[in-house]
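Counting begins at 1 with the first residue of the sequence. Everything numeric in this text was worked out from a predicted model, so none of it was measured.
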Amino acid sequence: MWTSIKTLYHRLGSPKWFYILTGRWLPWILVVSLALLVTGSIWGLAIAPQDFQQGHSFRIIYIHVPAAFLAQSIYVMMAISGVVLLVWKIKMTDIIATALVPIGATMTFISLVTGAIWGVPTWGTWWMWDARLTSMLILFFLYLGMIALRLAVKPQETAAKACALMAIVGVVNIPIIKYSVDWWYTLHQPATFRIVGGASSSMPASMALPLLVMVLGFYCFLAWVVIVHARALILQREGQTGWVKELMKEKS
């Protein structure tokens, strides 16, 4: 089993084998992600009971929390990819990191917007310079900076190293986001849901289970989008290689 996992790891590190293998996975990942997202949306928005304090306004949690999870997870993935690129020079890690950046920026934006909408009935305002909100805004700027750096720096190899360093340095913001509600006085509520350890006691199973389904659906959809984007980048970057030319001939 270990040999099979090691072989798969080395193959996924090759642009050619990554393209071939993931092409078989895409339909299944899409079906699973759509099933989870549809189930979670209906369950959370229509079936789950309303909150005894916030009423139906709490239902935005089924978009806000998964988006916030992905926003932070994606940046950690980028930092790990940066370490692998700088240490082991595996170019697939840069392709994956490049594919992750716009998704991370989008998820951070969704998290900020849904948090602001949620804040109106909860706090009476769209925005507060709260520790959690401010650190999430910094994360959004980090993503935008990564996109700008990728576009501004040439050649591609230099841009990849610069973005890797930025991801590694910027990852210090992730624990600040996670623990800001514990370290400082903040309006933002403490975590009511955790992937590790399940839901907290303040969130009943009737609300937590559809949220778990939505989180899993978001992560599956992330995998699908990253693979699609990465495959497009592989064709773009490996366009002069023999296997890509042969592939284009077969498709034409």
Worked verdict on Arg150 versus Val153 for side-chain contact (heavy atoms from CB on, under 4.5 Å): CA-CA 6 Å; Arg150 179 77 62 174; Val153 177; over 6 Å; no
Measuring from [X]:[atom1] to [Y]:[atom2], what's the distance to the nearest 0.5 Å?
X	Y	atom1	atom2	answer
Thr108	Ile103	OG1	CD1	11.5 Å
Ser73	Met78	OG	CE	12.5 Å
Asp130	Leu137	CG	CG	12.0 Å
Leu222	Ile29	CG	CD1	10.0 Å
Thr39	Leu216	OG1	CG	11.5 Å
Ser135	Gln72	OG	CD	8.0 Å

Could you check whether any side-chain heavy atom of [X] comes within less than 4.5 Å of a side-chain heavy atom of [Y], counting everything from C-beta outward?
X	Y	answer
Thr93	Trp88	no
Trp123	Trp127	no
Tyr75	Met146	yes
Met92	Ile95	yes
Tyr19	Leu247	yes
Leu211	Pro66	yes
Phe218	Leu36	no
Trp43	Met214	no

If I compare all heavy atoms of [X] with all of [Y], which pair ends up nearest, and what's the gap?
X	Y	result
His229	Ala99	ND1-CA, 3.3 Å
Tyr62	Ala48	OH-CB, 3.7 Å
Ala167	Ala79	O-CB, 3.7 Å
Gln54	Asp51	N-OD2, 2.8 Å
Ala105	Ile147	CB-CD1, 4.3 Å
Ile168	Gly82	CD1-C, 3.9 Å

Derivation and outcome, side-chain contact (heavy atoms from CB on, under 4.5 Å), residues Ile177 and Arg132: CA-CA 6 Å; Ile177 294 173; Arg132 172 65 63 83; 3.8 Å; yes
Whether Phe109 and Phe140 hold their rings parallel, tilted or perpendicular, with breakpoints at 30° and 60°: tilted
Parallel, tilted or perpendicular: rings of Trp224 and Phe221 (30°, 60°): parallel
Basic-acidic side-chain contact under 4.0 Å: Arg237, Asp94: yes
Presence of salt bridge, Lys91 and Glu238, under 4.0 angstrom: yes
Joint cluster assignment, [X] & [Y], ILVMFWY side-chain distance < 4.5 Å:
X	Y	value
Ile96	Leu85	no
Val87	Ile90	yes
Leu139	Phe141	yes
Val31	Val38	no
Trp28	Phe18	no

Sub-6.0 Å ring centroid separation between Tyr219 and Phe69: no
Main-chain N/O of Gly44 paired with Arg59 side-chain donor or acceptor, under 3.5 Å: yes
Side-chain donor/acceptor of His64 to backbone N/O of Thr114, under 3.5 Å: no
Step-by-step side-chain contact (heavy atoms from CB on, under 4.5 Å) determination, Ile117 to Trp126: CA-CA 6 Å; Ile117 295 172; Trp126 292 91; 3.9 Å; yes
Steps toward side-chain contact (heavy atoms from CB on, under 4.5 Å) verdict (Ile61, Trp118): CA-CA 8 Å; Ile61 196 175; Trp118 196 5; 4.0 Å; yes
